[in-house]
Visitor: 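One structure coming up, written as structure tokens, with questions to follow.
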Amino acid sequence: MIAAIVAFVVIVLGAYVRLSHAGLGCPDWPGCYGQLTWPTEVQEIREANEAFPERPVEAGKAWKEMVHRYLAGALVLLVVFINYLAWKHKPADRSARPLAAALLALILFQAVLGMWTVTLKLFPLVVMGHLLGGLATFSLLLWLAWRSRPMAGDHDGMAYAPYKTAVLTGLAVLLLQLALGGWTSANYSALACPDFPTCQGQWWPDSNFRDGFVLWREIGVDYEGGVLDLPSRVAIHMAHRIGALVTFIVLGALSLALLARRQTRTGGALLGALLLAQVTLGVMNVWLFLPLPNAAAHNGTGALLLAAMVWLLHRSRPRFA
């Protein structure tokens with residue numbers, strides 16, 4: 001559970017780094033301008049600027065990027081320790097060891113994606129994949145934590161079991177929406193529509209979905225700030241809005257169904273509250289022109305919404321499954 005909390009902080013901090021345009025605050029990896037920390041002294045900054053003339057030192061961006069890397073490194077060590085515990089002691093849950101091993105493989109691949117994020121200069125597919133990998137790590141850590149704890153004696157999963165199919169459907173819809181959100185952010189399309197509920201003053205503005213959803217683009221290009229034209233970014237933004245509407249309907253219906261029964265009211269209230277908060281933060285992102293705290297909170301609430309769905313899935317399984 002400690003590792004899951006750290007993973008959540010890494011996700012939110014990663015969003016803060018990206019949204020504050022500090023994703024390339026350190027142009028190399030794993031160090032920063034060839035250092036373990038970041039250049040602070042005048043001589044260090046001069047040498048760094050000579051070594052990386054295409055990207056002069058911006059201390060305000062460099063320290064954000066490195067703090068994110070340090071925390072991600074701590075998460076790697078926590079997952080290694082979880083594997084040590086899982087393989088040293090025979091866990092009661094037979095799925096604990098495979099889950100721990102899968103987590104280790106996933107987080108090591110996350111480190112590779114983090115490196116590629118820098119070396120490929122914010123290549124959109126890598127940036128989106130890095131976000132989804134972080135969410136997957138967070139979800140698996142929560143699942144492992146909940147599976148490794150004995151359930152309360154009065155819980156046999158029967159209350160939530162009838163909703164398992166609905167929870168799985170909602171989870172699939174939410175994952176697609178989170179991917180669309182990651183693609184929107186990676187292509188700097190959050191403000192392609194500066195108004196709401198319309199976009200560019202129209203209900204359906206000029207959009208280029210073909211170019212907006214080309215996943216594999218040219219390697220070596222600096223993607224900071226985005227490279228797509230406005231119609232392509234509008235297409236991405238509109239797809240995210242449509243996805244948000246579908247997600248709101250699907251998860252909202254699940255929340256209402258859960259609220260209708262006393263035994264599942266807690267889950268319904270939790271899901272409904274997070275869903276309303278996420279929609280509100282999304283609308284405020286547009287109306288307030290993407291303020292950094294609000295945008296980071298939108299990412300964090302998306303992660304919490306995913307956690308709520310994973311919790312509902314956990315609760316819907318039989319006690320001894």
Visitor: Report the C-alpha distance between Trp63 and Tyr70 in whole Å, list the side-chain angles of each, state the deciding distance to 0.1 Å, and finish with yes or no for ring-ring contact (aromatic ring centres under 6.0 Å, His included).
Guide: CA-CA 10 Å; Trp63 74 262; Tyr70 292 148; over 10 Å; no
Visitor: Report, as yes or no, whether the 6.0 Å neighbourhood of atom CG on Leu36 holds more than 12 heavy atoms from other residues, nucleotides or ligands.
Guide: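 Atom CG in Leu36 is not packed in, count stays at 12 or less.
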Visitor: Just wondering, do Leu228 and Ile236 contact through their side chains at under 4.5 Å, heavy atoms?
Guide: yes
Visitor: Grab the two heavy atoms, one from Cys26 and one from Gly31, that are nearest each other, plus how far apart they are.
Guide: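 Here Cys26 and Gly31 meet closest at CB-O, 4.1 Å.
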Visitor: Should Glu65 and Lys61 count as an ion pair when the cut-off is N to O under 4.0 Å?
Guide: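 No, no charged N to carboxylate O under 4.0 Å.
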Visitor: What pair of heavy atoms forms the shortest contact from Lys121 to Val221, and how long is it?
Guide: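 Heavy-atom minimum between the residues: CB-O, 3.6 Å.
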Visitor: Do Gln202 and Thr198 come within less than 4.5 Å of each other through their side chains, counting heavy atoms only?
Guide: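 No - every pair of side-chain heavy atoms lies 4.5 Å or more apart.
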Visitor: A side-chain contact here means heavy atoms from C-beta on lying under 4.5 Å apart; do Leu180 and Gln177 qualify?
Guide: yes
Visitor: Does the side chain of Trp116 reach to within under 4.5 Å of the side chain of Val112, using non-hydrogen atoms?
Guide: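 They are in contact (side-chain heavy atoms under 4.5 Å apart), so the answer is yes.
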Visitor: Show the numbers, then the answer: is there a side chain to side chain contact (heavy atoms under 4.5 Å, CB included) between Gln200 and Val234?
Guide: CA-CA 9 Å; Gln200 304 286 340; Val234 166; 4.3 Å; yes
Visitor: Measure the shortest side-chain to side-chain distance between Ile82 and Leu141 over non-hydrogen atoms and say whether it is less than 4.5 angstrom.
Guide: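 They are in contact (side-chain heavy atoms under 4.5 Å apart), so the answer is yes.
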Visitor: Got Met309 and Leu251 here, is their nearest side-chain heavy-atom distance under 4.5 Å?
Guide: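 Side-chain contact under 4.5 Å: yes.
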Visitor: Under 3.5 Å, is there a donor on one side chain and an acceptor on the other for Arg233 and His237?
Guide: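 No, because no side-chain N or O of Arg233 sits under 3.5 Å from a partner of the opposite role on His237.
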Visitor: Taking atom types as modelled, find out whether His21 and Glu224 have a side-chain donor-acceptor pair closer than 3.5 angstrom.
Guide: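 No donor-acceptor contact under 3.5 Å links the two side chains.
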Visitor: What closest approach, in Å, do Tyr223 and Leu122 show between heavy atoms, and which atom pair accounts for it?
Guide: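 Heavy-atom minimum between the residues: CB-O, 3.2 Å.
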Visitor: Do Trp143 and Phe138 have ring centres separated by under 6.0 Å?
Guide: no
Visitor: With side chains defined as the heavy atoms from C-beta onward, is the minimum distance between Trp146 and Trp311 less than 4.5 Å?
Guide: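 Yes - at least one pair of side-chain heavy atoms lies under 4.5 Å apart.
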Visitor: Please step through side chain to side chain contact (heavy atoms under 4.5 Å, CB included) for the pair Leu271 and Leu305, ending with a clear verdict.
Guide: CA-CA 7 Å; Leu271 179 61; Leu305 196 54; 3.8 Å; yes
Visitor: If you apply the rule side chain to side chain contact (heavy atoms under 4.5 Å, CB included), what do you find for Tyr33 with Trp38, and how did you get there?
Guide: CA-CA 7 Å; Tyr33 291 95; Trp38 58 89; 5.8 Å; no
Visitor: Are there over 12 heavy-atom neighbours, none belonging to Phe209, within less than 6.0 Å of that residue's CZ?
Guide: yes
Visitor: Take atom CD of Glu218 as the centre, draw a 6.0 Å sphere, and report whether it contains more than 12 heavy atoms from other residues, nucleotides or ligands.
Guide: no
Visitor: Quick one: does Asp28's side chain have a donor or acceptor within less than 3.5 Å of a partner on Gly34's backbone?
Guide: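 Flag set: sc Asp28 to bb Gly34 pair under 3.5 Å.
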Visitor: Using the side chain to side chain contact (heavy atoms under 4.5 Å, CB included) rule, take Val127 and Phe123 through it: C-alpha gap first, then chi angles, then the decisive distance, then the call.
Guide: CA-CA 6 Å; Val127 173; Phe123 187 63; 5.9 Å; no
Visitor: Do Arg55 and Asp222 sit within salt-bridge range, that is, some charged N less than 4.0 Å from a carboxylate O?
Guide: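 Asp222 and Arg55: salt-bridged.
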Visitor: Does Phe213 CZ have over 12 foreign heavy atoms under 6.0 Å away?
Guide: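 Yes, because the 6.0 Å sphere around CZ of Phe213 holds more than 12 heavy atoms from other groups.
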Visitor: For Asn299 and Arg18, test the side chains for any donor-to-acceptor distance below 3.5 angstrom and give the result as yes or no.
Guide: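 Side chains of Asn299 and Arg18: pair found under 3.5 Å.
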Visitor: May I ask you to test the Met115-Pro30 pair for a side-chain heavy-atom distance under 4.5 Å?
Guide: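 No, their side chains stay 4.5 Å or more apart.
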